[in-house]
Amino acid sequence: MAHIYIQVTDDDFNVSDEMSKMTKGRSDIGALVSFTGFVRDMHNEKPIKKLTLEHFPLMAEKQLLNIAQKAEERWKVTDITIIHRYGGLYPSDQIVLVLAASAHRKDAFAAGEFMMDWLKTDAPFWKKEQTEQGEDWVQSKSDDINQKNRWT
Amino acid sequence: MAHIYIQVTDDDFNVSDEMSKMTKGRSDIGALVSFTGFVRDMHNEKPIKKLTLEHFPLMAEKQLLNIAQKAEERWKVTDITIIHRYGGLYPSDQIVLVLAASAHRKDAFAAGEFMMDWLKTDAPFWKKEQTEQGEDWVQSKSDDINQKNRWT
Amino acid sequence: MQLIYFARIREIIGVSEEERPLNEQIKTIGDLLDFLSLQDEKYSCAFQDLNAIRIAVNQNYVSFDHKITDQDEIAIFPPMTGG
Amino acid sequence: MQLIYFARIREIIGVSEEERPLNEQIKTIGDLLDFLSLQDEKYSCAFQDLNAIRIAVNQNYVSFDHKITDQDEIAIFPPMTGG
């Protein structure tokens with residue numbers, strides 16, 4: 001059984017702190033893969049002023065745990081951390097962190113990428129962009145659905 | 001052209017510092033993937049007391065840069081960092097760090113995994129393990145060669 | 001049953017949640033969406049493109065043929081854009 | 001030419017580098033390995049399994065048929081185990 005840590009928060013996170021919490025005192029971990037997602041200043045060629053993330057609180061935690069457990073079933077991972085923010089964010093702000101630790105690099109990379117692909121389509125978060133032209137909801141991408149489906 | 005930072009060192013590194021150096025003041029990065037490799041306390045079912053990394057200094061830097069440039073040619077990455085340690089290391093010590101930043105997650109994951117696969121077979125470092133039974137050189141794995149060859 | 005809306009759907013309908021009694025016309029999620037669409041233009045507008053509607057009953061994803069009970073919490077929202 | 005050895009190869013040969021003059025028998029890396037192996041048991045032992053030998057000339061990987069000059073720096077080592 002992997003150690004799983006899930007957090008849905010409007011606070012920022014510190015990648016190094018989360019890594020330390022996971023690896024401290026451990027010598028069975030050979031590989032740690034992290035993914036950090038940031039708000040970019042451009043999306044679909046429009047400059048972004050702000051990004052607001054709406055979420056379904058109870059379900060968000062449930063789904064993140066669900067995704068982590070799916071990853072754990074498929075790959076030999078010893079530890080998983082998923083942190084997802086909500087609320088108002090600005091360009092260069094951190095949005096999401098996924099950590100996957102394993103004895104070997106292959107499992108850590110695969111589990112990390114698998115969880116990110118699921119998050120894009122199955123985690124109940126919705127992004128609204130604020131640009132010079134006003135506000136609009138970010139459309140889900142068929143590309144994200146294809147990315148997710150390659151795991152099934 | 002991606003920003004490439006290569007370091008071959010006998011010092012430890014701090015993942016968060018390296019990430020901050022890369023992302024500070026940047027809002028074009030949407031995705032940052034990191035890989036950290038650690039010394040494990042077990043290898044081939046033998047307890048490991050110490051791991052000594054020998055390297056070919058001039059060539060190591062040259063090959064790491066070479067690997068980063070290959071990744072840059074294949075994927076849309078904005079920034080790459082590779083840090084590889086040499087010298088005497090102990091279980092839970094960090095060995096290697098690879099960072100790949102991109103606008104999108106797919107490029108960052110692929111570039112990160114590609115560079116790690118190349119490092120295993122093409123970076124001029126050699127590991128010697130110290131166990132209760134004495135010292136021995138770590139054998140290269142045919143699995144690592146297969147991993148690398150899937151990119152060609 | 002408790003209805004909850006998110007994101008674009010919430011904005012069109014104008015409330016984030018409402019309580020509705022189950023009635024004999026409503027057996028499945030599909031029936032519920034049809035029933036609401038006939039009640040008010042807001043709903044028919046919000047549910048116009050069923051490809052862009054996702055449903056969770058008691059926080060689990062379900063399809064449009066899922067049977068509902070009066071105790072269910074039914075969340076209706078557009079495709080997620082997390083990560 | 002300058003010869004450099006690493007890891008297991010270095011340990012068997014007993015030195016980490018040595019200077020050797022090029023001679024007419026040595027045109028390629030393959031010739032060099034054959035020549036050294038005939039000189040001394042240490043070399044024939046170190047180069048016994050050519051599948052476990054890698055070569056870099058002036059810090060670039062080359063194959064056994066690579067032609068060498070007297071100014072080359074030739075590194076001989078086992079398969080790498082980096083990362």
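Sequence lines set the chain letters: A, B, ... in the order given, protein chains first and strands last, and positions in each chain run from 1. This one's a predicted model, so the numbers in the text were calculated from it and none came from an experiment.
For A:Glu18, the salt bridge (Lys or Arg N to Asp or Glu O under 4.0 Å) partners at least two apart in sequence or on another chain are A:Lys21.
Atom NZ of B:Lys106 sits in a sparse spot, with 12 or fewer heavy atoms from other residues, nucleotides or ligands closer than 6.0 Å.
Ring pair A:Tyr86/A:His55 is parallel by interplanar angle, where below 30° counts as parallel and above 60° as perpendicular.
For A:Ala103, the parts sitting under 4.5 Å from any heavy atom of chain B are the backbone and the side chain alike. For B:Arg26, the part lying under 4.5 angstrom from a heavy atom of chain A is the backbone only. With a threshold of 4.5 angstrom between heavy atoms, B:Gln147 approaches chain A through side-chain atoms but not through N, CA, C or O. Contacts between B:Ala101 and chain A at a heavy-atom distance below 4.5 Å are absent for every atom of the residue. For chain A, the nearby parts of B:Asp117 are the backbone and the side chain; heavy atoms of each come within less than 4.5 Å. Contacts between B:Lys120 and chain A at a heavy-atom distance below 4.5 Å involve the side chain alone, from C-beta outward.
Between the side chains of A:Gln69 and A:Asn66, not a single donor N or O lies within less than 3.5 Å of an accepting N or O.
Atom CG of residue A:Leu53 and atom CZ of residue A:Arg85 lie 9.0 Å apart, to the nearest 0.5 angstrom.
When the candidates A:Gln94, A:Arg105, A:Met19 are compared by the number of heavy-atom contacts under 4.5 Å with chain B, A:Arg105 comes out ahead.
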Under 3.5 Å, sequence neighbours excluded: what are the donor-acceptor pairs made by side chains of residues 29-52 of chain B?
unit_1	atom_1	unit_2	atom_2	d
B:Ser34	OG	A:Ser34	OG	2.5
B:Asp41	OD2	A:Ser27	OG	2.8
B:His43	ND1	B:Glu129	OE2	2.2

